[in-house]
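Every chain is numbered from 1, with letters handed out A, B, ... down the list of sequences. Only this structure's heavy atoms are used, side chains among them; waters, hydrogens and symmetry mates stay out. Computed from a predicted model, the values in this text were never measured in an experiment.
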Amino acid sequence: NAGVTQTPKFQVLKTGQSMTLQCAQDMNHNSMYWYRQDPGMGLRLIYYSASEGTTDKGEVPNGYNVSRLNKREFSLRLESAAPSQTSVYFCASTHRPGRLNTGELFFGEGSRLTVL
Amino acid sequence: SQQGEEDPQALSIQEGENATMNCSYKTSINNLQWYRQNSGRGLVHLILIRSNEREKHSGRLRVTLDTSKKSSSLLITASRAADTASYFCAFYNTDKLIFGTGTRLQVFP
């Protein structure tokens, strides 16, 4: 029972390179989220997918794209990495019982990205 | 910003003492949640309090909610060194779970 799995755990990029962070959950959750965490700023929502087939912008979407590949997987892509995107990225999921989300989130262990 | 605000930003106490951290928010909510994050790890859900509840207990945790003041508090009683972590409040804005800025708790043996 893996829960939420993120890959890679660590990555170093050069400015302008691209990469994709992968996230998969095995709890049959319908909602998935990507957050970034920076020192002193808590977690900020980048993108989320309330249900399979939908994606929406969060608080800080610029410079990122997402794909909800299927119910299990939600990937985050940096097309042209910038030093400001150096951060720890967390994927999370939850069961959405009705029209709106109200439940607890289950988090992955994070992906630590450094952009030089 | 949509984020919740937490205070204090950092708290240092001795084992056995109680730790209280506070959260304020700006929107109307269905519920408010508290999460814990150990250093270098993902967040783990601790407790959820619904908007029609004023107080909730879970083990050594006590959460209060005052919707008129848009504030919540988390009390950890009889703290242990293992409680050392960061603690975050969180609330939904439509489908988006918004987090507070967090309180770093250090419990000294």
Side-chain angles (χ1 to χ4, degrees), chain A residues 2-7 9-10 23 25 27 29-52 54-61 68 74 88-112, chain B residues 1-10 21-53 56 58 61 63 65 74 85-105:
Chain A
V4 179
T5 303
Q6 293 182 230
T7 57
K9 288 184 169 48
F10 300 92
C23 175
Q25 51 88 13
M27 295 172 283
H29 287 164
N30 35 20
S31 295
M32 298 184 74
Y33 299 76
W34 276 106
Y35 291 88
R36 61 177 287 174
Q37 184 175 33
D38 303 293
M41 300 194 73
L43 278 80
R44 292 182 292 168
L45 182 63
I46 305 171
Y47 270 94
Y48 66 103
S49 172
S51 59
E52 188 179 356
T54 69
T55 60
D56 287 284
K57 295 179 181 179
E59 189 182 2
V60 288
R68 183 73 184 268
F74 188 38
V88 182
Y89 292 85
F90 287 98
C91 177
S93 70
T94 188
H95 175 61
R96 185 169 186 256
R99 190 173 61 86
L100 290 176
N101 269 325
T102 58
E104 64 178 276
L105 259 59
F106 293 80
F107 281 81
E109 289 298 306
S111 297
R112 284 147 187 83
Chain B
S1 170
Q2 302 174 45
Q3 278 189 308
E5 296 289 331
E6 291 186 60
D7 75 88
Q9 289 186 349
M21 46 207 90
N22 304 295
C23 169
S24 61
Y25 57 93
K26 296 178 181 177
T27 65
S28 60
I29 61 171
N30 290 321
N31 64 55
L32 188 135
Q33 305 178 29
W34 286 89
Y35 288 78
R36 167 191 169 127
Q37 183 182 34
N38 288 348
S39 181
R41 306 297 299 274
L43 280 73
V44 175
H45 182 263
L46 290 176
I47 192 167
L48 179 154
I49 185 166
R50 301 188 192 286
S51 59
N52 61 356
E53 297 176 311
K56 194 164 184 180
S58 177
L61 304 180
V63 171
L65 179 64
L74 172 67
S86 291
Y87 293 82
F88 296 88
C89 66
F91 50 90
Y92 277 101
N93 181 340
T94 62
D95 279 324
K96 298 176 284 189
L97 191 64
I98 307 298
F99 283 83
T101 48
T103 294
R104 292 188 311 278
L105 174 65

Quiz prompt | From CA spacing to verdict: side-chain contact (heavy atoms from CB on, under 4.5 Å), A/Phe106, B/His45 | solution = CA-CA 7 Å; A/Phe106 293 80; B/His45 182 263; over 6 Å; no

Rounded to the nearest 0.5 Å, the OG1 atom of A/Thr94 sits from the OH atom of B/Tyr92 at a distance of 4.5 Å

Is it the case that atom CZ in B/Arg104 sees more than 12 heavy atoms from other parts of the structure closer than 6.0 Å? no

Quick one, A/Gln37 with B/Gln37, criterion side-chain contact (heavy atoms from CB on, under 4.5 Å). Give me CA distance, side-chain angles, the key distance, then yes/no. CA-CA 12 Å; A/Gln37 184 175 33; B/Gln37 183 182 34; 2.9 Å; yes

May I ask you to test the A/Tyr35-B/Leu97 pair for a side-chain heavy-atom distance under 4.5 Å? yes

Bottom line for B/Gln9: the part with an atom under 4.5 Å from chain A's heavy atoms is neither

Of all heavy-atom pairs linking A/Tyr48 and B/Lys96, the shortest is CE2-CG, 3.2 Å

| Side chain B/Gln33, main chain A/Gly103, donor-acceptor under 3.5 Å | yes

Report yes if some heavy atom in the side chain of A/Glu104 is under 4.5 Å from a heavy atom in the side chain of B/Tyr35; otherwise report no.
yes

So, the part of A/Lys9 with a heavy atom under 4.5 Å from chain B: the answer is neither

side-chain contact (heavy atoms from CB on, under 4.5 Å) with A/Leu43: of B/Ile98, B/Thr101, B/Leu43, only one passes, and it is B/Leu43

